[in-house]
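Structure, as structure tokens:
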Amino acid sequence: MSEKETPGTSKKQGEDGPRNQSKHSESLVDAQATSERLESIRTNLNSLFSRLTLHAASDNLLAQQSGQVLEDLTFESFLKHWKDNGFKRIITMVGAGISTSSGIPDFRSPGSGLYDNLQKYNLPHPTDIFELDYFMGNPKPFFTLAKELYPGHYIPSPAHYFIRLLNDKNLLTRHYTQNIDCLERLAGIPEEKLVEAHGTFHTNHCVDCNKFYTKEWLKEKIFGDILPVCEECNGIVKPDIVFFGENMPDHFYTKPLEDFADCDLLIIMGTSLEVYPFASLVANVKPNCIRVLINRVAIDKFSGPDKKRDITFLGDCDDAVWQMADVLGWTNELKDLWKRESSLFEQARKKSDTNADQEAKSPRISKKNSR
Ligand code: CNA
């Protein structure tokens, strides 16, 4: 290391140049100054090395912590760990699979998924229904599907209420959802805890002039089978659902910076982790954060090289949340919350459903969820 680079030395000291060695007193002063400079360098180096040692120690600790976190990587072992040790800062990340028991099909489940059932829309490719270019030329298929999916027909599932319970117990840092069905809002997860990564039916804008339209305005058009056209410029009015190729909402980019660094449990439910950048969020947690994937089918990319803290529950989201509630002693709370809220929705629906068509689309609680 050159003197210039050594901590504690200044540019001036390095540029002093030759001195007059004939004057003894000056030599003494020089010697003293040199010794002071050396002492200063020594102190600075000591401080630097002790900081490096501290870093090394904390790296070792991290390495230890990022080793096998649980006794074994089974769901049972994870539940035992939760019961014995607790978690404090939980993030949930979900996809269409948490809403299938509410009656809303997902995209990719063979047979029942939307992609296998879009023949009636005559699309060149199933994903075109969420492609902006395609929508601009032919918006009808999207609005027909929007009528089917529109919030109001469906009741949140036990999995939604489990997440609400995490929030009620001050354990939920944030809920990241790809879903556009608004069931998290209906389940009572507060807006500030929600990142609706793929947007929402809650707000709507003209694709041309960006004029805002209310949910009620658009709903009337969608259910009246009228193409929603902007009153200002004749552009198409679209719900703020993020189509392929569109930007995600701003807080999708800002909230993870606040949330993931100190998350101690990441629960991922009902998603194929096929859609990016949402899927990439799972990599944002620290190496010692336990990640649990709850899904009907295994997701290869999730159980990749880092197998030290990743658990997969192969099955239904609702079954998994009932198991978690059971071990944590929350069963009655979850059951009461889910039944109370569901019956309120049923009552509200009965009041507002005045015709047979609406009756046919009434929300149902699947038998599977009844306990
Ligand atoms: P996806 O690709 O269809 O994957 C869903 C996954 O959930 C699949 O791997 C299924 O095996 C699994 N699954 C289905 N039902 C259950 C269940 N009951 N329990 C456990 N696992 C189950 O959907 P993703 O969410 O991964 O893809 C992201 C898309 C889907 C987003 O852009 C969404 O907007 C879009 N989407 C949303 C909804 C909705 O809002 N409810 C419905 C359909 C599609």
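Indexing begins at 1, ligand by ligand and atom by atom, following the structure's order. Atoms considered below: every heavy atom in the structure, side chains included; atoms not considered: hydrogens, waters and symmetry mates.
- Under the side chain to side chain donor-acceptor pair (under 3.5 Å) criterion, Ser109 pairs with Asp106, sequence neighbours left out.
- Within the structure, the closest approach of Glu274 to ligand 1 does not fall below 4.0 Å when heavy atoms are considered.
- Not less than 6.0 angstrom separates the ring centroid of Tyr121 from the ring centroid of Phe142.
- Contact detail for Ile299 and Thr271: the closest heavy-atom pair is CD1-O, 3.8 Å.
- Summary of contacts: the protein heavy atom closest to atom 4 (O) of ligand 1 is Ser272 N, 3.3 Å.
- Remark: ligand 1 atoms within the under-4.0 Å shell around heavy atoms of Gly315 are 19 (N), 20 (C).
- Across the listed options Thr100, Leu273, Ile98, Val94, Thr100 owns the non-hydrogen atom lying nearest to atom 18 (N) of ligand 1.
- For the atom pair OG1 of Thr92 and NE2 of His160, the computed distance is 10.0 Å after rounding to the nearest 0.5 Å.
- Proximity annotation for atom 35 (C) of ligand 1: of Phe107, Tyr154, Phe278, Phe107 comes nearest, heavy atoms only.
- Residue Ser109 has at least one heavy-atom neighbour below 4.0 Å for each of these atoms of ligand 1: 10 (C), 11 (O), 14 (C).
- Residue contacts with ligand 1 leave out Ala320, since none of its heavy atoms falls under 4.0 Å from the ligand.
- Side chains of Asp318 and Ser101: a donor on one and an acceptor on the other come within 3.5 Å.
- For Lys169 and Glu333, the salt-bridge test passes: some basic side-chain N is under 4.0 Å from an acidic carboxylate O.
- For Pro105, the heavy-atom gap to ligand 1 drops under 4.0 angstrom.
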Going through the checks in order, is the side-chain contact (heavy atoms from CB on, under 4.5 Å) test met by Ser157 and Ser99?
-> CA-CA 6 Å; Ser157 66; Ser99 299; over 6 Å; no

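- A salt bridge does not link Glu184 with Lys193: none of the charged nitrogens is closer than 4.0 Å to a carboxylate oxygen.
- You'll find the side chain of Thr177 stays beyond 4.5 Å of the side chain of His198, heavy atoms only.
- Considering only non-hydrogen protein atoms, atom 31 (C) of ligand 1 sits nearest to His198 ND1, 3.2 Å.
- Aromatic ring centres of Phe135 and Phe143 lie closer together than 6.0 Å.
- For atom 27 (O) of ligand 1, the closest non-hydrogen atom on the protein side is Arg108 NH1, 3.5 Å.
- Ion pairing of Arg174 with Glu192 is absent here, as no side-chain N (NZ or NE/NH1/NH2) approaches a carboxylate O to less than 4.0 Å.
- The shortest N or O to N or O distance between Ile294 and ligand 1 is not below 3.5 Å.
- Ligand 1 has no atom lying under 4.0 Å from any heavy atom of Gly113.
- For atom 19 (N) of ligand 1, the closest heavy atom belonging to the protein is Cys317 N, 3.0 Å.
- Ranking the protein heavy atoms by distance from atom 37 (C) of ligand 1 puts Asn179 OD1, 3.8 Å first.
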Side-chain atoms of residues 210-222: list all donor-acceptor pairs with protein atoms under 3.5 Å, sequence neighbours left out, distances to 0.1 Å.
{"unit_1": "Tyr213", "atom_1": "OH", "unit_2": "Glu231", "atom_2": "N", "d": "2.7"}
{"unit_1": "Thr214", "atom_1": "OG1", "unit_2": "Trp217", "atom_2": "N", "d": "3.1"}
{"unit_1": "Trp217", "atom_1": "NE1", "unit_2": "Glu231", "atom_2": "OE2", "d": "3.0"}

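- Among Asn295, Val242, Val297, the residue whose heavy atom lies nearest to atom 7 (O) of ligand 1 is Asn295.
- When hydrogens are left out, the protein atom nearest atom 14 (C) of ligand 1 is Asp106 OD2, 3.2 Å; that is the closest non-hydrogen contact.
- Shown in contact with Ile104 at under 4.0 Å from a heavy atom are these atoms of ligand 1, numbered in order with element: 41 (N).
- With Trp330 as the aromatic partner, Lys335 does not meet the cation-pi criteria of under 6.0 angstrom to the ring centre and within 45 degrees of the ring axis.
- When each atom of ligand 1 is checked for a heavy atom of Ser99 under 4.0 Å away, the hits are 41 (N).
- Considering backbone and side-chain N/O atoms, Thr271 comes within less than 3.5 Å of an N/O atom of ligand 1.
- A donor-acceptor contact shorter than 3.5 Å links the side chain of Asp264 to the backbone of Arg89.
- Of the protein's non-hydrogen atoms, Ile180 N, 2.7 Å is the one closest to atom 40 (O) of ligand 1.
- Evaluated by nearest non-hydrogen atom to atom 25 (O) of ligand 1, the leading choice among Cys182, Ala96, Gly270, Gly97 is Ala96.
- Of all protein heavy atoms, the one closest to atom 34 (O) of ligand 1 is Gln178 O, 2.9 Å.
- Residue-ligand proximity, Gly95 to ligand 1, at heavy-atom distances under 4.0 Å covers atoms 25 (O).
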